[in-house]
2 protein chains.
Amino acid sequence: MKERRRVTIRDVADAAGVSVATVSRVMSGSHTVNSDMAERVRWAMQELEYRPNGAAQGLASGMHRSVGVVLPDLSNPYFNDIIKATYVGASREQYRMLVTEWREPGEELGVSLDVLSRVDGLLLLSARMDIDGLRDLAARKVPTVLVNRVELGVDLPMVAVDNFSAMLELCQHLASLGHRRVVYLAGSPSAWQNRERWRAVQQARILGLDPVMVAADGTIEAGFEATDEALSHDPTALIAFNDLAALGAIARLRELGLRTPADISVTGFDDVSLARFADPPLTTIVSPKAALGELAWAMFEASLRGERIEQPPLLRAAFVHRASTGPARTSRSRV
Amino acid sequence: MKERRRVTIRDVADAAGVSVATVSRVMSGSHTVNSDMAERVRWAMQELEYRPNGAAQGLASGMHRSVGVVLPDLSNPYFNDIIKATYVGASREQYRMLVTEWREPGEELGVSLDVLSRVDGLLLLSARMDIDGLRDLAARKVPTVLVNRVELGVDLPMVAVDNFSAMLELCQHLASLGHRRVVYLAGSPSAWQNRERWRAVQQARILGLDPVMVAADGTIEAGFEATDEALSHDPTALIAFNDLAALGAIARLRELGLRTPADISVTGFDDVSLARFADPPLTTIVSPKAALGELAWAMFEASLRGERIEQPPLLRAAFVHRASTGPARTSRSRV
DNA sequence: CACTAGCGAGAAAACGCTTCCTGGACCCTG
DNA sequence: CAGGGTCCAGGAAGCGTTTTCTCGCTAGTG
């Protein structure tokens, strides 16, 4: 039943005929250790298949070699792409990743704090917690980087995409196709990205757009369900918060016998990997997800080292015209 | 610079006027503690905003309240859906999730072992390591469950989908549409799921299919790239290892001016969330991803408790006919 | 009423590391 | 040649918990 006792640093030390302190030094790559002693130690580690106990290391040194990733929705492929990029950086530095999802808004700070005693810092993806929560975190002086959220007056490194400009560009495209009456299928009201995107859509009045906001969320289901209300405003185009919502909307439109983009145009945001395979392929914004993830890691690493890094500029996202948008229908034939 | 010292169990004990042992007992919900004492302790914890140190708990108790999830590819949305379901179980039990991706085959055992000192057990998703690796893990008597891999002769709980039957059903569908010459766009040869699926495809000779295997992988790019070689066998249908590969193949076909399914049918597997929005919507197998994730957690939890759980049967996956398959083209018009 | 269970709480010993401190050996300098 | 540095390795003190052990009470029994 009881497996062979775990081999500890003690065992290695004994086998190599040195002290545990020396073994520890060898592991940390300290240079103040005689080279053939180090060799013996390494040999013993091999021989005994020694694996340092992470919890003990963490307790003793205060460093856990892992980063906590906190996000709103594990099943959203958008986050995957970011995490993926972050992960390559992390694993390069032998860092592990503790992933935590919060479901209820309000849980977010709690789960973040919760995980703090097991990680060296936090990556907050699309954080929606209120500014006091962010300040709380910032005050703890724990390396924390905000991804896809910028909040002036919070002393935390942030990396984000220029949602505003990108969305404006998208609106420009719509305007040039003759669209006027458009509905914005909103994301979560507490999401910074949502606020930015909506701000841009409103700004686009200047381009001739006449936008209305309809509450939804960044999921397929929410996009699907919000579509009926959106149609009540008789729009020629739907500007969805993200690709998922756009896909949901298109599905509902199809159910209703409306063609995209002949009857109504739909746009997405993010360019999740499957967006270009959709029917129709989504006109959307290509978020630099990999760059975002890499930069997030770089910032994290820097603040781990205590370097005072300057805030990088917002990342640019490219507009891509695919087949889900077309010229605005002119006749007001529908309810 | 130095923030206020972390509050420890010691501080709580002092504030409540009890011993640390008592505080610990209160936390663990031990019944052998006087109720107003417990109340004082709880009050003190609140007051001081005490958060137990995870590393210390892990070291002292040997329990880490986290589960290690090991998978081949973080960016594959298929895994997300599984993880998502697993996560709800885990978080219900206050378990955290340490996610690890291995890139090079051969890394897999290493990263698994690596993470073992920080978690109470492992969830191996689509494990591709060799059987000796699995045996090694099994011998350690650490709770470990294999997801999407079944390996007789390895003493580990496993949860998986009945790939064989599902694929056979899919082949039946193809056969009934008059397909004969088909190409199987393979997944990784070391993946159990790939072996099962291919086994089924071969079995489908009995239904009149004449399958050829072409090496690919379960990614969009691999599906895309393998398509040209697949076409050299002049098939009327492509059976892709999974949805991603199918999408890649369809994209390449379109580039070549071939329509799906008019010129050639394509099938997927898994039914990732976006598969039904694809152009054309994918005929595929609906893997019960949520059920898989939940069951995986349930098995994990059971083996955590040391319960000797019996192996559950394979989960059934449903075939779904969408628009990417149609009657086999009869003329052999193409190269 | 004396004696023994039984129970609840504190003291203290782990848990497996890191790191500070100490001391011996060696080398250099005056 | 004596004294003072330097360098390297070991001893030991934590790190913040859990858990075993112990001990003083209370209550129950004959």
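Note that the coordinates shown come from a computational prediction; the quantities given were computed from them, not determined experimentally.
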Just compare [options] and give me whichever is closest to any side-chain atom of [X].
X	options	result
B:Asn53	D:dG16, C:dT18, C:dG16	D:dG16
B:Ala21	C:dC17, D:dT18, D:dT19	D:dT19
B:Asn34	D:dC8, D:dC15, C:dG8	C:dG8
B:Leu59	D:dT17, C:dC15, D:dT19	C:dC15

Could you tell me how far apart [X] ([atom1]) and [N] ([atom2]) are, to the nearest whole angstrom?
X	N	atom1	atom2	answer
B:His64	D:dT18	NE2	C1'	13 Å
A:Tyr50	C:dG16	OH	P	10 Å
B:Arg118	C:dG16	CZ	C1'	13 Å
B:Asp14	D:dT17	CG	P	13 Å
A:Arg65	C:dT18	CZ	C1'	14 Å
B:Met37	D:dC25	CE	P	14 Å
B:Arg51	D:dC15	CZ	P	22 Å
B:Met63	D:dG16	CE	C1'	18 Å

Subject >> From CA spacing to verdict: side chain to side chain donor-acceptor pair (under 3.5 Å), B:Trp297, B:Glu301 >> reply: CA-CA 6 Å; B:Trp297 174 258; B:Glu301 211 183 325; 2.8 Å; yes
**OP:** Carefully, step by step, assess A:Ser30 and A:Ser28 under the rule side chain to side chain donor-acceptor pair (under 3.5 Å).
**Re:** CA-CA 6 Å; A:Ser30 167; A:Ser28 68; 5.2 Å; no
Original post:
Hey, is the side chain of A:Arg25 pairing donor to acceptor with the base of D:dG10 inside 3.5 Å?
Top reply: yes
Using 4.0 Å as the upper bound for N to carboxylate O, is an ion pair formed by [Y] and [X]?
X	Y	value
B:Lys84	A:Asp73	yes
A:Glu151	A:Arg195	yes
A:Glu101	A:Arg103	yes
B:Arg308	B:Asp155	yes

Original post:
Closest nucleotide of DNA chain C for B:Ser61 versus for B:Ser19: which of these residues is on the 5' side?
Top reply: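 Between the two, 5'-proximity favours B:Ser19.
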Original post:
Above 12 or not: heavy atoms from other molecules or residues under 6.0 Å from CD of A:Glu307?
Top reply: yes
**OP:** For the helix from C:dC1-D:dG30 to C:dG30-D:dC1, measure the angle between the helix axis at one end and the axis at the other, each built from five pairs, rounding to 10°.
**Re:** 50°
Original post:
Base, sugar-phosphate, or nothing: which does B:Ser24 touch, judged by heavy atoms less than 4.0 Å apart?
Top reply: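 The residue B:Ser24 makes base contact.
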**OP:** Under 4.0 Å between any heavy atoms, over every strand shown, what does A:Met27 touch: base, sugar-phosphate, or nothing? Just pick one.
**Re:** sugar-phosphate
